[in-house]
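Residue numbering restarts at 1 for every chain, and letters A, B, ... go by the order of the sequence lines.
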2 protein chains.
Amino acid sequence: MDDRLLTTGLADEIEFLTARARAVGTAHANASLAPLDLRVRSYSVLALAASGVDPTQRELAEFLSLDASQIVALVDGLESRGLVVRTQDARDRRSNAISATPAGRALAAKAAVIVRRAETESLSGLTSAERDRLRELLKKAAFTG
Amino acid sequence: MDDRLLTTGLADEIEFLTARARAVGTAHANASLAPLDLRVRSYSVLALAASGVDPTQRELAEFLSLDASQIVALVDGLESRGLVVRTQDARDRRSNAISATPAGRALAAKAAVIVRRAETESLSGLTSAERDRLRELLKKAAFTG
DNA sequence: TATTGTTATACTCTATAACTATA
DNA sequence: TATAGTTATAGAGTATAACAATA
């Protein structure tokens, strides 16, 4: 990589750095997940469905910062593959709780290993302590506001 | 924000946190830049063109992690508004150096102020020292590999 | 009235391949 | 042969609005 542009002001903007880190990281993670026929977005929904929390579609939308209509399509895709199921909440029949099937949990476990490896590869320039600190700061940044 | 999902494993994946921080940050920055008829991507090209470095389109593509064909469209848009110009390199006539016009530099300066304010707003949950540390770690993360 | 999920639509962003002109 | 830029196209991601069912 040619370093000339690293001296510009843009290279110090967190917004730009986040966008670039995400572009590179997502491309790498998508490629790593391709053998499982998952992408970062579908993996994220599957992982939450397999976590035991049984989130509603509304919760998924808020947490993943996606529109509710996008969650419909993602859940449709996973449901048609037998990886997750919708269960209507008896107390509020508008809500669907999303949970993983045994097949979904198995795939989520495999995918988590792959994503963790992809993360380590993408961040090979950072020490383990730096990765932990980055995780901590990003968690604050991602959930502020 | 409902915190139930923060206890899941996904909430500790840097890939996910980066994607969420970027989604929220970009949406906010795009809204802030709208009065100038810029978005994060077009602003990034304009900022680099106005930096005095006169990058080639190839350098812009690598640095912004965009495909060369996307740079064509972005530069076309800025050029048609009189904000940047293409200058053919005399020594390698395949290359175009992209530089901002006076109007482009003026707009870039205005936009930089807006983006800096948007960044501070997006990261209001972090102290100034934490923002600096995050910037430092993201710089490493964004340019590894 | 307000909210959850759904459908539909348009727009932006991303990925790929083929082409040209130069080197 | 290889590279910078261009064009074209398709697919993924994002944003909005309207609707049905339910609260």
Side-chain angles (χ1 to χ4, degrees), chain A residues 2 15-16 18-20 22-31 33-34 37-45 49 54-80 84-98, chain B residues 2 15-16 18-20 22-31 33-34 37-45 49 54-80 84-98:
Chain A
D2 141 35
E15 172 65 43
F16 158 69
T18 305
R20 191 185 204 279
R22 174 258 163 194
V24 174
T26 296
H28 184 226
N30 278 342
L33 286 170
D37 201 10
L38 290 173
R39 299 176 66 80
V40 166
R41 278 161 31 122
S42 49
Y43 160 71
S44 298
V45 170
D54 292 1
T56 66
Q57 294 188 197
R58 189 89 204 80
E59 286 176 314
L60 289 171
E62 277 182 24
F63 194 68
L64 297 174
S65 192
L66 299 177
D67 192 82
S69 61
Q70 301 174 47
I71 300 295
V72 172
L74 289 165
V75 171
D76 282 352
L78 294 171
E79 194 176 40
S80 71
V84 305
V85 291
R86 287 173 161 98
T87 308
Q88 200 181 45
D89 184 332
R91 285 162 307 182
D92 183 343
R93 286 181 300 175
R94 291 173 305 181
S95 302
N96 294 328
I98 310 300
Chain B
D2 140 39
E15 172 66 42
F16 158 68
T18 305
R20 191 185 204 279
R22 173 258 163 194
V24 175
T26 296
H28 184 225
N30 277 341
L33 285 169
D37 202 9
L38 290 172
R39 299 176 65 80
V40 167
R41 277 161 29 124
S42 49
Y43 161 71
S44 298
V45 170
D54 292 2
T56 66
Q57 293 188 195
R58 188 90 204 81
E59 288 178 311
L60 290 171
E62 277 182 24
F63 194 68
L64 298 174
S65 191
L66 299 177
D67 191 83
S69 62
Q70 300 174 47
I71 300 295
V72 172
L74 289 165
V75 171
D76 282 352
L78 295 171
E79 194 176 40
S80 72
V84 305
V85 291
R86 288 173 161 100
T87 308
Q88 201 181 44
D89 184 332
R91 284 163 308 182
D92 183 344
R93 286 181 300 174
R94 291 173 304 180
S95 302
N96 294 329
I98 310 301

Looking only at heavy atoms, which two atoms of [X] and [Y] are closest? And how far apart?
{"X": "B:Tyr43", "Y": "B:Leu33", "result": "CB-CD1, 3.9 Å"}
{"X": "A:Ser44", "Y": "A:Val40", "result": "OG-O, 2.8 Å"}
{"X": "A:Leu60", "Y": "A:Pro55", "result": "CD2-CG, 3.6 Å"}
{"X": "A:Thr56", "Y": "A:Ser95", "result": "CG2-CB, 4.2 Å"}
{"X": "B:Arg93", "Y": "B:Gln88", "result": "O-NE2, 2.9 Å"}
{"X": "B:Val75", "Y": "B:Val45", "result": "CG2-CG1, 4.2 Å"}

For this session: Output all residues satisfying side chain to side chain donor-acceptor pair (under 3.5 Å) with A:Asp76, sequence neighbours left out; order by chain, then residue number.
Result: A:Arg86
Problem set entry | Residues that B:Ala61 engages under side chain to side chain contact (heavy atoms under 4.5 Å, CB included), provided they are two or more places apart | B:Arg58, B:Ile71
For this session: Using modelled atom types only, decide if a donor and an acceptor are shared between the side chain of A:Thr26 and the backbone of A:Arg22 within a distance under 3.5 Å.
Result: yes
For this session: Can you sort out the partners of A:Phe16 under ring-ring contact (aromatic ring centres under 6.0 Å, His included), two or more places apart, ordered by chain and number?
Result: B:Phe63
Polar atom pairs (N or O), protein with nucleotides 13-16 of chain D, under 3.5 Å:
{"unit_1": "D:dG13", "atom_1": "OP1", "unit_2": "A:Arg39", "atom_2": "NE", "d": "3.4"}
{"unit_1": "D:dG13", "atom_1": "OP2", "unit_2": "A:Arg41", "atom_2": "NE", "d": "3.4"}
{"unit_1": "D:dT14", "atom_1": "OP1", "unit_2": "B:Arg22", "atom_2": "NH1", "d": "3.3"}
{"unit_1": "D:dT14", "atom_1": "OP2", "unit_2": "A:Arg41", "atom_2": "NH1", "d": "3.1"}
{"unit_1": "D:dT16", "atom_1": "O4", "unit_2": "A:Ser69", "atom_2": "OG", "d": "3.2"}

Problem set entry | Boundaries of the chain B footprint along DNA chain C (any atom under 4.0 Å from a heavy atom) | C:dT12 to C:dA23
Pairwise N/O distances under 3.5 Å, protein to nucleotides 19-23 of chain D:
{"unit_1": "D:dA23", "atom_1": "OP1", "unit_2": "A:Arg93", "atom_2": "N", "d": "3.0"}

